[in-house]
Amino acid sequence: MFTELKGFNPEYLVVFSIIFGLSLAIPALLYALRRPTLKATAASRKLISSEIFSLFATVYAFFLGFSIVTLWGTFVSAKNSVNSEAGAVLVSYHLSMPLENSRGFRQTLEDYTKSVVDDEWPIMDGQRSMSEQSLRHLDEIWEAFYRMKPADKESYSLYASVGQSLAEISRHRLSRAQTLSGNLYPPVWVILWFGVFGVFVGLLLTNPEQTGSQVAMEVIIVFLILSCVYFIVDISTPFSGVLNVSPEPFQNIHAKIITLQGVHP
């Protein structure tokens, strides 16, 4: 049933199964650590003030929210850049069709979209960098654009429009490159991981009685914290991970260009 949901990735079943397993294992570990080290006495109940732990939790929740909002904004920006870049390629192709000597230019657009899908996307996923081959194809597009400059003034406005579309391609490609790593300030990562450790220490010291209801709440808290941290790590790299920006817009544009080449060679 879950795999039939639109946009559902089966990898999430594996990820959240692991997180759920850790959510059971960590409270069990805390339970085992308390038995030899803590006693349910009046003194043990004051190992840590609940007010101090609440203040810590509030500050940590702020950084979790800040990280999610920041990285989600970057993720959406990367997705929009991909859509806009692919759209600009198709616009450039359509605008160039009435121009003389534009066949070579249109071929470079087809080569670029194919290179982005076949070469650049795997590199962005595995190496978190841009493809030098795709960049060369982009340079070839500009060179072909300069070569097809029309001699008559009637076609110059159309030629200028093609140039504007090419500028959009270059601008959005640069924007795509700048979002490869999510742009989260490095010290925030230190705070996030130290906060995870702080949550576990706080849970260890604020529940010396080890009542069943408190242990159940620990499972919920650990699951929520680990899920948030996983989500932050996953979207910190928009083009890799389980949740990622797909090359589908370029795949669609490439297929459209192939179709147009058959109709207007």
Distance-only side-chain donor-acceptor flag, Ser155 / Asp152, under 3.5 Å: yes
Heavy-atom check, side chain of Leu180 versus side chain of Met130, under 4.5 Å: yes
Can you check whether Val15's main-chain N or O pairs, donor with acceptor, with Tyr230's side chain at less than 3.5 Å? no
Using the ring of each side chain (for Trp, its six-membered ring), is Phe194 parallel, tilted or perpendicular to Phe197, with breaks at 30° and 60°? tilted
I want to check something: taking the side chain as every heavy atom from C-beta on, are Leu99 and Phe105 in contact at a cut-off of under 4.5 Å? no
Between atom CD1 of Ile123 and atom CG of Asp118, what is the distance when rounded to the nearest 0.5 Å? 11.0 Å
For a quick check under 3.5 Å, do Ser134 and Ser115 share a side-chain donor-acceptor pair by atom type? yes
Using a 3.5 Å distance criterion without hydrogens, assess whether the side chain of Ser77 forms a donor-acceptor pair with backbone atoms of Gly73. no
Give me the atom names and distance for the closest heavy-atom approach of Val245 to Ala78. CG2-CB, 4.3 Å
Contacts of type side-chain hydrogen bond (donor to acceptor under 3.5 Å, both in side chains), residue Arg171, not counting sequence neighbours: Glu168
Within a strict 4.5 Å, meaning less than it, do heavy atoms of the Val222 and Ile19 side chains meet? no
Sub-4.5 Å side-chain heavy-atom contact between Phe56 and Val199: yes
When you compare the side chain of Ser81 with that of Thr179, does any pair of heavy atoms fall below 4.5 Å? no
For Ile257 and Val89: C-alpha separation, side-chain torsions, deciding distance, then whether side-chain contact (heavy atoms from CB on, under 4.5 Å) applies. CA-CA 9 Å; Ile257 288 177; Val89 171; 4.0 Å; yes
Measure the spacing between CG of Leu90 and CG of Leu95 and express it to the nearest 0.5 Å. 9.5 Å
For the pair Lys256 and Leu260, evaluate side-chain contact (heavy atoms from CB on, under 4.5 Å) and give the outcome as yes or no after the intermediate values. CA-CA 6 Å; Lys256 179 65 174 178; Leu260 290 173; 4.3 Å; yes
Answer yes or no: is there a side-chain heavy-atom contact under 4.5 Å between Ile225 and Leu64? yes
If we ignore hydrogens and angles and just use 3.5 Å, is the side chain of Ser102 paired with the main-chain N or O of Ser96 as donor and acceptor? yes
For Val233, does its backbone N or O pair with a side-chain atom of Ser236 as donor and acceptor, under 3.5 Å? yes
Mind checking ring pair (Phe, Tyr, Trp, His ring centres under 6.0 Å) for Tyr159 and listing every partner two or more places apart, or none if nothing turns up? Phe145, Tyr156
A side-chain contact here means heavy atoms from C-beta on lying under 4.5 Å apart; do Phe231 and Leu243 qualify? yes
Hey, is Arg176 close enough to Glu120 for a salt bridge, meaning N to O under 4.0 Å? yes
Report yes if some heavy atom in the side chain of Arg173 is under 4.5 Å from a heavy atom in the side chain of Leu135; otherwise report no. yes
Any residue meeting side chain to side chain contact (heavy atoms under 4.5 Å, CB included) with Phe20, in chain and number order, not counting sequence neighbours: Leu24, Phe223
Distance check, rounded to the nearest 0.5 Å: Ile169 atom CD1 versus Leu138 atom CG? 7.0 Å
Between the CG atom in Asn244 and the CG atom in Asp234, the distance rounded to the nearest 0.5 Å is 8.0 Å
So, Ser240 versus Thr237: side-chain donor-acceptor pair below 3.5 Å or not? yes
Return the CD1 to OH distance between Ile141 and Tyr112, rounded to the nearest 0.5 Å. 6.5 Å
Among side-chain atoms of Ser67 and Trp189, is any donor-acceptor pair under 3.5 angstrom? no
Atom OG1 of Thr113 and atom CD of Glu85: how far apart are they, to the nearest 0.5 Å? 10.5 Å
Derivation of the side-chain contact (heavy atoms from CB on, under 4.5 Å) call for Tyr185 and Thr70: CA-CA 10 Å; Tyr185 190 49; Thr70 299; over 6 Å; no
Between Ile235 and Ile68, what is the shortest heavy-atom contact and its length? CD1-O, 4.2 Å
State whether a side-chain donor-acceptor pair under 3.5 Å links Gln107 with Glu110. yes
Looking at Ser157, is its backbone amide N or carbonyl O close enough to the side chain of Ser161 to form a donor-acceptor pair, meaning the two atoms are under 3.5 Å apart? yes
